[in-house]
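Written out below as C-alpha cells is the structure these notes cover.
Here, residue 1 is the first one in the sequence, and each next residue gets the next number.
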Amino acid sequence: MVKDPNYFGTMLVYMGKADGMVSGAVHSTADTVRPALQIIKTRPGVSRTSGAFIMQRGRDERYLFADNAINIDPDAQTLAEIAIESAKTAKLFDIDPKVAMLSFSTKGSAKAPQVDKVVEATALAHQQAPDLALDGELQFDAAFVPTVAKLKAPDSKVAGNANVFIFPDLQSGNIGYKIAQRLGNFEAIGPILQGLNKPVSDLSRGANEEDVYKVALITAAQNLID
Ligand SMILES: CC(C)(COP(=O)(O)OP(=O)(O)OC[C@H]1O[C@@H](n2cnc3c(N)ncnc32)[C@H](O)[C@@H]1OP(=O)(O)O)[C@@H](O)C(=O)NCCC(=O)NCCS
C-alpha cells in the first residue's frame, strides 16, 4: 500500500516528516482522501472531515462554501461540525464568519425531512459553538440579500450578511460552487479539507500550476489552526 503515492505521502505527514500533503491532480478525490481518513484521522471533537472552498471574485468579494467535496448526505451532527470547522477555516482567510445553514426553506417556510435536518443541525451548532454567528434554516437569497432577509428572516443577525454558506448535502454543495465559478466568475480555491489532525489537500483533476501553488500555501497555513 505504501507504494501508492497517496499512502506514501500520507505516511510522511503522519510520521511528521512533512507538514502537509497536496495531491489529487491525477487521482480521484476518494483515492486522495481515503488514506488521510484511515491514517491521519480527524481532530478530537470532529467526527467527519469535510471540504470547503474559498470563493473569490476580484479583491474584495470572498466567501466560504462547504461541504462541496466529501460528505455525500451528512446527518445533522455532521452538518453542525461542518459549520463550526468552516468558521475556523474562514478566519484563516480574514473572513469574519457569519454562517448560514442553507436550505430551500427559510425559518419554517417549507416542511420536509430535509429541512428538519438543517433545523436540527442549526440547533446542534448553537449548542456546540454558542458564540458563533450562525443561523438557519435559510434560503440562499435570505442569507445573502439584505432586502430579502428583511422580508423572510427579519430577526436574524446573519441573514443578509452571511459569508460562510453551509450546504445541506453534496449534491447542492458541489453544484452550487460550480455555478458560482462558471456563471458568476468566482475563483474556487479548494477543496480545503477541514477537521483532520494534519493537513491534506485534494486538487481537482483540472488543476493548473497556479492551483497547485495556492493549495500548497493553504495547506501550509492550516498548520496555524489551533
Ligand atoms: C470521502 C470518501 C471517499 C470516504 O468514503 P470511503 O472511501 O467509502 O471510505 P470508507 O467508508 O472505506 O472509510 C474509510 C475510513 O474513513 C472514515 N471516513 C469515511 N468518511 C469520513 C469522513 N468524511 N470523515 C472522517 N472519516 C471518514 C471511515 O470511518 C473509515 O474509517 P476506519 O478505516 O477507521 O473504519 C467518500 O465519502 C466519497 O467518495 N465522497 C465523495 C467524494 C467525491 O466524489 N466528491 C466530489 C468531487 S470533489
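The CD atom of Gln38 sits 3.5 Å away from atom OH of Tyr7, with the distance rounded to the nearest 0.5 Å. Between the CG atom of Asp4 and the OG1 atom of Thr10 there is a distance of 8.5 Å, given to the nearest 0.5 Å. Note that CG of Asn161 and NZ of Lys157 are 11.5 Å apart. Values are rounded to the nearest 0.5 Å. Atoms CG and OG1, on Asp141 and Thr106 in that order, are 6.5 Å from each other to the nearest 0.5 Å. Rounded to the nearest 0.5 angstrom, Leu79 CG and Asp75 CG are separated by 8.5 Å. The distance from the CD1 atom of Ile175 to the NZ atom of Lys178 is 10.5 Å, given to the nearest 0.5 Å.
Side-chain contact between Ser28 and Arg205 is present, with heavy atoms from C-beta onward closer than 4.5 Å. Inter-residue side-chain proximity for Phe104 and Gln114 is flagged as met; some heavy-atom pair is nearer than 4.5 Å. Annotation: side chain of Met11 is in contact with side chain of Ile39 (closest heavy-atom distance under 4.5 Å). At least one side-chain heavy atom of Leu203 sits less than 4.5 Å from a side-chain heavy atom of Val212. At a threshold of 4.5 Å between non-hydrogen side-chain atoms, the residues Ile218 and Ile189 count as touching. With a 4.5 Å cut-off on side-chain heavy atoms, Asn197 and Pro44 count as touching.
In this structure, the side chain of Glu81 engages the main chain of Ser47 through a donor-acceptor pair within 3.5 Å. The closest donor-acceptor contact from the side chain of Gln56 to the backbone of Gly58 lies under 3.5 Å. Side-chain N or O atoms of Lys107 include one that pairs as donor or acceptor with a backbone N or O of Gly136 at under 3.5 Å. With Ser105 contributing its side chain and Ala110 its backbone, the two residues share a donor-acceptor pair below 3.5 Å. A side-chain donor-acceptor contact under 3.5 Å links Asp67 to the backbone of Gly51. Using a distance-only test at 3.5 Å, with no hydrogens or angles considered, a donor-acceptor pair links the side chain of Asn71 to the main chain of Thr49. Arg57 places no side-chain N or O within 3.5 Å of a backbone atom of Glu187 that could act as its donor or acceptor partner. Judged by distance alone, the side chain of Asp211 and the main-chain N or O of Asn208 form a donor-acceptor pair under 3.5 Å. With Asn174 contributing its side chain and Asn68 its backbone, the two residues share a donor-acceptor pair below 3.5 Å. Looking only at distances, a side-chain donor or acceptor of Gln222 sits under 3.5 Å from a matching main-chain atom of Leu193.
Looking at every heavy atom in both residues, Val118 comes nearest to Pro168 through CG2-CB, 3.9 Å. Ala100 and Leu138 get closest at one heavy-atom pair: CB-CD1, 4.1 Å. Nearest heavy-atom pair, Ala133 versus Val158, reported as atom, atom and distance to 0.1 Å: C-CG2, 3.7 Å. For Ala83 against Met101, the heavy-atom pair with the smallest separation is CB-SD, 3.7 Å. When all heavy atoms are compared, the tightest approach of Tyr14 to Lys198 is O-NZ, 3.6 Å. Ala121 and Ala80 get closest at one heavy-atom pair: O-CB, 3.6 Å.
Hydrophobic clustering, with ILVMFWY side chains joined whenever heavy atoms are under 4.5 angstrom apart, groups Leu196 together with Met15. In the hydrophobic cluster analysis, where Ile, Leu, Val, Met, Phe, Trp and Tyr join through side-chain heavy atoms closer than 4.5 angstrom, Phe186 is grouped apart from Ile166. No path of Ile, Leu, Val, Met, Phe, Trp and Tyr side chains, each step under 4.5 Å between heavy atoms, connects Leu134 with Leu124, placing them in separate hydrophobic clusters. Taking hydrophobic clusters as Ile, Leu, Val, Met, Phe, Trp and Tyr residues chained together by side-chain heavy-atom distances below 4.5 Å, Ile82 shares a cluster with Val99. Following chains of ILVMFWY side-chain contacts shorter than 4.5 Å, one can reach Met1 starting from Leu37, so the two form part of one hydrophobic cluster.
Between Asp116 and Lys111 there is no salt bridge, since none of the side-chain N atoms of the basic residue sits less than 4.0 Å from a carboxylate O of the acidic one. Comment: Asp155 does not engage Lys150 in a salt bridge, judged by the lack of any side-chain N to carboxylate O separation of less than 4.0 angstrom. Taking the charged nitrogens against the carboxylate oxygens, Lys117 and Asp169 have no contact shorter than 4.0 Å, which rules out a salt bridge. A salt bridge does not link Glu85 to Arg48: none of the charged side-chain nitrogens sits closer than 4.0 Å to a carboxylate oxygen.
Take Phe65 and apply the ring-ring contact (aromatic ring centres under 6.0 Å, His included) test, not counting sequence neighbours, and it matches Phe165, Phe167. For Asp96, the salt bridge (Lys or Arg N to Asp or Glu O under 4.0 Å) partners at least two apart in sequence or on another chain are Lys98.
Between Phe144 and Tyr63, a ring centre-to-centre spacing shorter than 6.0 Å is recorded.
There is a side-chain donor-acceptor pair under 3.5 Å between Gln77 and Gln128. Gln194 and Ser86 are linked by a side-chain donor-acceptor pair at a separation below 3.5 angstrom, with hydrogens and angles left out of the test. Side chains of Ser103 and Gln139: no donor on one and acceptor on the other come within 3.5 Å.
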Check your understanding: What's the verdict on side chain to side chain contact (heavy atoms under 4.5 Å, CB included) for Ile192 and Phe93, showing C-alpha distance, side-chain angles and the deciding distance?
Key -> CA-CA 12 Å; Ile192 301 158; Phe93 292 87; 3.9 Å; yes

Review point. Which is it for Val33 and Ile70 under the side chain to side chain contact (heavy atoms under 4.5 Å, CB included) test, yes or no, and what are the steps along the way?
Key: CA-CA 9 Å; Val33 169; Ile70 306 291; 3.9 Å; yes

Exercise for review: Show your reasoning for whether side chain to side chain contact (heavy atoms under 4.5 Å, CB included) applies to Asp73 and Leu170.
Suggested key: CA-CA 6 Å; Asp73 188 13; Leu170 190 53; over 6 Å; no

**Study point:** Test log, rule side chain to side chain contact (heavy atoms under 4.5 Å, CB included), inputs Met55 and Tyr177
**Key:** CA-CA 8 Å; Met55 304 299 294; Tyr177 100 81; 4.2 Å; yes

Can you give me every donor-acceptor pair (side chain of residues 19-27, partner residue at least two apart or in another chain, under 3.5 Å) with its distance?
unit_1, atom_1, unit_2, atom_2, d
Ser23, OG, Asn6, OD1, 2.6

